[in-house]
Amino acid sequence: MSPTYKRTLVTSALPYANGPVHIGHLAGCYLPSDIFVRYKRSKGEDILFVCGSDEHGVPITIKAKKEGITPQDVVNKYHKMMGDSFKEFGISFDIYSRTSNKIHHQTASDFFRTLYDKGVFTEQVTEQYYDDEVKQFLADRYITGTCPKCANPNAYGDQCEKCGSTLNATELIDAKSTLSGSKPILKETKNWFLPLDKLQPKIQAYLDEHKDWKSNVYGQCKSWLDSGDGLQPRAMTRDLDWGVPVPVKDAEGKVLYVWFDAPIGYISATKELRPNDWELYWKDKETRLIHFIGKDNIVFHCIIFPAMLMEHGDFILADNVPANEFLNLEGDKISTSRNWAVWLHEYLLEFEDKQDVLRYTLCSNAPETKDNDFTWKDFQTKNNSELVAILGNFVNRTLVLTHKFYNGVVPSADTYTKEDLLVLEQLSSFPDKIASAIEGFKFREALAEMMNLARLGNKYLADTEPWKLIKTDENRVKTIMNIALQITCNLAIVCEPFIPFTSTKLFAMLNMPALKWHAAKQTSNLASGHTINKDELLFAKIEDIEIEAQINKLQESKKANAVTVIAPAKPETTFDEFSKMDIRTGTILEAERVPKTDKLLKLKIDTGIDQRTVVSGIAEYYKPEEIIGQQVSILVNLAPRKIKGIESQGMILMASNSKGELSFINASKPDFNNGSEIK
RNA sequence: GGUGAGGUAGCUCAGUUGGUUAGAGCAUCGGAUUCAUAACCCGAAGGUCAGGAGUUCAAAUCUCCUUCUCACUACCA
């Protein structure tokens with residue numbers, strides 16, 4: 001936070017255009033950034049707020065294929081959906097752009113070309129799976145096969161969605177191309193890498209200047225730099241036909257890696273918004289650049305993107321990256337694929353005109369320092385006992401009294417008592433308190449301060465009791481009501497960053513145009529003699545029925561999930577194929593943990609044929625001492641393989657449930673000796 | 001296993017460079033009140049600051065160990 005900055009550029013993580021926005025996204029980065037920007041605008045600072053849809057990358061091509069439409073159709077659908085719901089929710093982007101725009105393709109392409117011409121990239125030839133039928137390299141997501149860990153037959157080349165393991169495409173058993181169904185072959189391909197290893201000293205120096213970043217952010221960056229071998233070169237191009245084409249020779253069929261292309265989206269969005277002076281926001285040392293993101297994006301925004309910008313030259317680097325942690329929902333991780341989420345577009349339909357309730361709840365419980373949990377019960381409580389009872393109630397009682405006593409005309413303040421002066425002093429101190437919390441990215445604290453202003457109002461009314469005094473001292477009541485109205489007016493100003501819809505309603509009720517931040521330090525924004533409008537309730541109570549409905553809805557998707565996780569049957573095989581496998585009953589003679597691993601047990605098995613060593617990934621489910629003497633089924637003619645330096649000579653057959661938990665399978669009658677064949 | 005972030009009242013979280021009886025909101029209980037959406041206002045109760053050891057006149061705060069949660073990462077034939 002240097003005082004020399006003349007302007008600020010705020011970016012919010014580009015949401016990936018393969019699904020709608022949910023509350024996790026909002027709490028993670030869109031709401032905090034919006035609060036920050038609204039506050040800065042209210043202060044009259046020069047600030048731009050850019051965002052857009054991230055529309056490239058493999059998952060979108062897969063989704064398109066599945067639905068039989070083009071990738072462009074997919075992103076068109078979600079781009080519109082996300083843009084609309086952000087807008088309706090009051091996320092006040094100056095521009096919500098998209099990476100399939102021409103201007104972005106041009107910008108990203110030029111950016112790559114500049115780095116290429118400067119000789120920044122290293123070229124590397126690697127072996128990748130290639131589908132010879134459709135003449136195309138296969139991204140990890142385009143390869144399916146049997147998961148080597150849980151035997152799920154529908155694991156992807158990068159991940160098994162059933163057991164959650166991260167995989168390499170080459171690990172899959174019976175790998176298959178999803179494009180043609182054929183067996184892929186390994187083929188050499190050339191890609192361009194960003195040599196992060198060589199850039200490490202520069203990145204280190206950059207991070208050293210920013211030890212003031214949030215501890216979760218700085219800590220994670222440091223762990224990347226300090227870990228074992230330090231940073232590793234990372235491919236910035238992919239063999240794919242959806243994305244920004246690589247603008248060099250010999251690069252047919254290659255596009256920029258989404259993580260190269262996406263952050264450049266911030267630049268192209270700025271360009272689109274301000275074609276004439278966009279460079280001011282990206283290249284002037286007096287511009288402060290801030291990236292709002294979720295914790296999953298830290299490495300890209302704090303290491304890779306800055307590295308790209310440094311190597312390009314010209315550009316400024318982020319001054320801060322206030323990343324939030326994750327938001328859970330009713331105790332479970334939010335998951336798009338499991339439909340465990342509160343979707344913004346659905347919320348907006350089901351809770352019409354209640355944007356501010358969600359904004360308030362998410363901000364007050366934002367995962368600023370650790371993962372947090374969103375519950376509907378909490379949502380209800382926050383609405384009923386804070387928004388309704390404290391803020392809404394204060395405004396309501398003030399306006400009702402004003403209409404009752406003065407027919408809606410603001411009375412003039414007469415002589416201030418000691419008590420009044422104290423309240424006025426506190427009133428004018430709020431803007432700075434809230435501001436410093438926002439400047440420090442402590443939005444929960446800022447929000448709590450905002451509510452304290454409403455509390456101050458409630459207390460003032462309770463202490464002065466104008467409804468009693470009106471019978472004995474009318475003059476005094478005028479002063480009291482004037483002060484209560486000033487508090488209401490200043491509330492309208494300082495609540496705007498957090499709950500803008502409420503702010504608008506408040507100004508409308510007060511019958512005045514919206515005031516800017518600096519006015520909130522004044523205690524006479526409402527002139528005496530001014531007539532206010534009729535009062536209406538700011539917030540309505542949320543009843544149990546509504547909350548139960550939401551909880552039931554989540555229960556339904558939980559049930560739906562429990563059913564669908566059963567893996568579909570594998571394609572038909574032949575008896576010949578099956579009989580190639582030599583499976584026997586065996587007994588575990590010895591078992592011990594493989595050091596420095598979480599999942600591995602080293603087993604000695606009596607197979608009836610011999611005694612052999614097998615390494616198996618079952619340590620999470622069985623303790624070594626419990627399984628000695630256990631009878632198991634073992635595949636004995638599997639090619640041996642070294643795991644953690646130990647040669648594993650076979651594979652224990654395990655049953656795996658939908659959670660990826662494992663269980664031995666063995667003969668159910670006692671008199672089956674080791675070495676009995678399983679057929 | 002490695003690395004990072006966390007573990008503070010029933011719940012959600014503050015606790016700045018170690019300094020008198022550990023704070024706030026919500027929930028609970030009691031009181032007062034009626035202008036207000038039975039809301040507000042006042043008060044009470046509620047914590048071996050994950051556990052253990054150490055440094056210090058003094059530790060929630062510093063060091064070490066153990067343990068639990070989350071994230072990244074390695075191992076799973």
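Below, chain A is the first sequence line, B the second, and so on; all start at residue 1. Only this structure's heavy atoms are used, side chains among them; waters, hydrogens and symmetry mates stay out.
Nucleic acid contact class of A/Asn458 (heavy atoms, under 4.0 Å, all strands): sugar-phosphate only. The residue A/Leu653 sits apart from the nucleic acid: no heavy atom pair falls under 4.0 Å. As judged by a 4.0 angstrom heavy-atom cut-off over every strand, A/Ala448 is placed among residues making no nucleic acid contact. Among the heavy atoms of the strands, none lies under 4.0 Å from A/Lys377. Note on A/Val299: nothing from the nucleic acid sits closer than 4.0 angstrom, heavy atoms only. Nucleic acid contact class of A/Lys459 (heavy atoms, under 4.0 Å, all strands): sugar-phosphate only. At the heavy-atom level, A/Glu386 lies under 4.0 Å from the strands shown only through sugar-phosphate atoms.
A sub-4.0 Å separation between OP1 or OP2 of B/A39 and a side-chain N or O of A/Lys541 is present. Checking the phosphate oxygens (OP1, OP2) of B/A14, a side-chain nitrogen or oxygen of A/Thr369 falls inside 4.0 Å. OP1 or OP2 of B/U33 has not a single side-chain nitrogen or oxygen of A/Arg397 nearer than 4.0 Å. At least one side-chain nitrogen or oxygen of A/Ser215 sits closer than 4.0 Å to the OP1 or OP2 atom of B/G6. Taking side-chain N and O atoms only, A/Thr375 has no distance below 4.0 Å to OP1 or OP2 of B/C11. OP1 and OP2 of B/U12 both lie 4.0 Å or more from every side-chain N or O belonging to A/Lys382. Phosphate proximity of B/A14 to A/Arg444: present, with a side-chain N or O under 4.0 Å from OP1 or OP2.
Taking the P atom of each, B/U61 and B/A9 are spaced 15 Å apart, rounded to whole Å. B/G43 and B/C68 have their C1' atoms separated by 37 Å, given to the nearest Å.
Ranking B/C41, B/U37, B/C76 by closeness to the A/Phe539 side chain, first place goes to B/U37.
Taking the six-membered ring where the residue is Trp, A/Phe379 and A/Phe374 present tilted rings, their angle falling between 30° and 60°.
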